[in-house]
Amino acid sequence: MLPQKYIIAVLGDAYEGKTTTINKTFNKLAGSKIISGVTSVWGPLPSPSNVVDFSLTGITKYGLTGFLSQGDQICYTYVNLEKLVQMGCQVIVCACRKRNPDTFNAVAREYDFSIIWIKFDRPKDVSKDEYTDELSNKIFYLFK
């Protein structure tokens, strides 16, 4: 169980599966009724068959929880992450490219969030689908 004010940052390079991992995590939380009152902040609501960038909020046992899958362009990531912080999210799950972790460090310092880094380090003998399942399960179990 997490204390409040956490950013869970899925850290990886381009096309490794950051958005897919966050999408799978959200769908597991929604399917298990761990998240409710979901509202899109930007983009479509994710579904198992629709892996695209999105930003949304929902209610979990930690209060308002934000999800941001867009982690490739630092300017958009920062703006959308800032929106989630200003909306009062206690926990934020977001994507981050390995080459651009500074945005998340800056927000954590400014808003007193702690960061949990979920790093992509997929073994060659594990498929991308299996690995994103494994990482999404790690994040999912933080909310149980």
Side-chain angles (χ1 to χ4, degrees), residues 1-72 76-78 80-144:
M1 185 166 149
L2 295 171
Q4 292 191 1
K5 296 288 205 175
Y6 265 88
I7 293 175
I8 301 167
V10 179
L11 179 65
D13 287 325
Y15 305 107
E16 278 192 319
K18 301 178 302 292
T19 295
T20 300
T21 298
I22 294 171
N23 183 298
K24 286 181 177 184
T25 301
F26 170 78
N27 282 299
K28 288 174 186 178
L29 292 169
S32 298
K33 309 236 186 282
I34 292 173
I35 190 168
S36 62
V38 175
T39 303
S40 175
V41 175
W42 174 84
L45 293 179
S47 71
S49 62
N50 187 23
V51 181
V52 295
D53 283 326
F54 61 91
S55 179
L56 59 85
T57 61
I59 305 299
T60 67
K61 66 182 176 184
Y62 302 111
L64 192 62
T65 300
F67 290 80
L68 175 59
S69 71
Q70 183 183 35
D72 293 338
Y76 297 127
T77 301
Y78 187 79
N80 287 309
L81 190 57
E82 177 73 15
K83 284 180 191 175
L84 295 175
V85 170
Q86 292 301 319
M87 291 173 74
C89 290
Q90 298 298 302
V91 176
I92 299 171
V93 179
C94 63
C96 176
R97 277 221 184 153
K98 286 181 182 174
R99 63 183 168 87
N100 290 327
D102 294 337
T103 299
F104 304 101
N105 290 331
V107 170
R109 281 194 303 271
E110 185 174 345
Y111 296 103
D112 197 30
F113 278 75
S114 295
I115 301 175
I116 296 173
W117 294 102
I118 305 292
K119 296 180 183 178
F120 270 82
D121 192 18
R122 180 170 60 96
K124 293 186 187 318
D125 62 337
V126 176
S127 74
K128 183 177 177 179
D129 190 52
E130 289 174 309
Y131 196 67
T132 56
D133 277 343
E134 180 183 321
L135 293 182
S136 67
N137 283 336
K138 284 183 182 181
I139 301 167
F140 173 80
Y141 285 113
L142 293 172
F143 287 91
K144 282 196 86 173

Trainee: Quick one: pull up CD1 in Ile34 and CZ in Phe143 and give me the separation to the nearest 0.5 Å.
Mentor: 9.0 Å
Trainee: Taking all atoms of both residues into account, what is the closest heavy-atom pair of Gly66 and Cys89, and its distance?
Mentor: N-SG, 3.6 Å
Trainee: For Cys94 and Ile7, which heavy atoms make the closest approach, and how far apart are they?
Mentor: SG-CG2, 3.6 Å
Trainee: For Pro123 versus Tyr131, what's the shortest heavy-atom pair and its separation?
Mentor: CD-CE1, 4.0 Å
Trainee: Only counting residues at least two apart or in another chain, list the ones meeting ring pair (Phe, Tyr, Trp, His ring centres under 6.0 Å) with Phe54.
Mentor: none
Trainee: Quick one: does Glu130's side chain have a donor or acceptor within less than 3.5 Å of a partner on Lys128's backbone?
Mentor: no
Trainee: Identify which one of Arg122, Lys138, Lys24 satisfies the salt bridge (Lys or Arg N to Asp or Glu O under 4.0 Å) criterion when paired with Asp133.
Mentor: Lys24
Trainee: Does the side chain of Lys28 pick up a donor-acceptor pair with the side chain of Ser136 at under 3.5 Å?
Mentor: yes
Trainee: Can you check whether Leu11's main-chain N or O pairs, donor with acceptor, with Lys18's side chain at less than 3.5 Å?
Mentor: no
Trainee: Name all residues meeting the ring pair (Phe, Tyr, Trp, His ring centres under 6.0 Å) criterion together with Phe113; count only those two or more places apart in sequence or in a different chain, and write none if there are none.
Mentor: none
Trainee: Where the side chain of Thr65 meets the backbone of Gly63, is there a donor-acceptor pair that is under 3.5 Å apart?
Mentor: yes
Trainee: Report yes if some heavy atom in the side chain of Asn23 is under 4.5 Å from a heavy atom in the side chain of Ser69; otherwise report no.
Mentor: no
Trainee: Measuring only between side-chain heavy atoms, which start at C-beta, is Phe26 closer than 4.5 Å to Leu56?
Mentor: yes
Trainee: Can you measure from CD1 (Ile92) to NZ (Lys5) and round to the nearest 0.5 angstrom?
Mentor: 8.0 Å
Trainee: Which pair of non-hydrogen atoms, one from Asp53 and one from Pro44, has the smallest distance, and what is that distance?
Mentor: O-CD, 3.8 Å
Trainee: Tell me which pairs pass side chain to side chain donor-acceptor pair (under 3.5 Å) where either residue lies in residues 30-44, with sequence neighbours left out.
Mentor: none
Trainee: Say whether, by atom type as modelled, one donor and one acceptor occur between the side chain of Lys61 and the main chain of Lys144 under 3.5 angstrom.
Mentor: yes
Trainee: OG1 of Thr132 to CG of Asn137: how many Å apart, nearest 0.5 Å?
Mentor: 9.5 Å
Trainee: Could you give the distance from CG (Leu68) to CD1 (Ile22), rounded to the nearest 0.5 Å?
Mentor: 7.0 Å
Trainee: If you round to the nearest 0.5 Å, how far is CD1 of Ile139 from CD1 of Ile8?
Mentor: 6.5 Å
Trainee: What's the spacing between Phe67 CZ and Thr25 OG1 if we round to 0.5 Å?
Mentor: 7.0 Å
Trainee: Looking only at non-hydrogen atoms, find the nearest pair between Tyr62 and Val91 and report the distance.
Mentor: CB-CG2, 3.9 Å
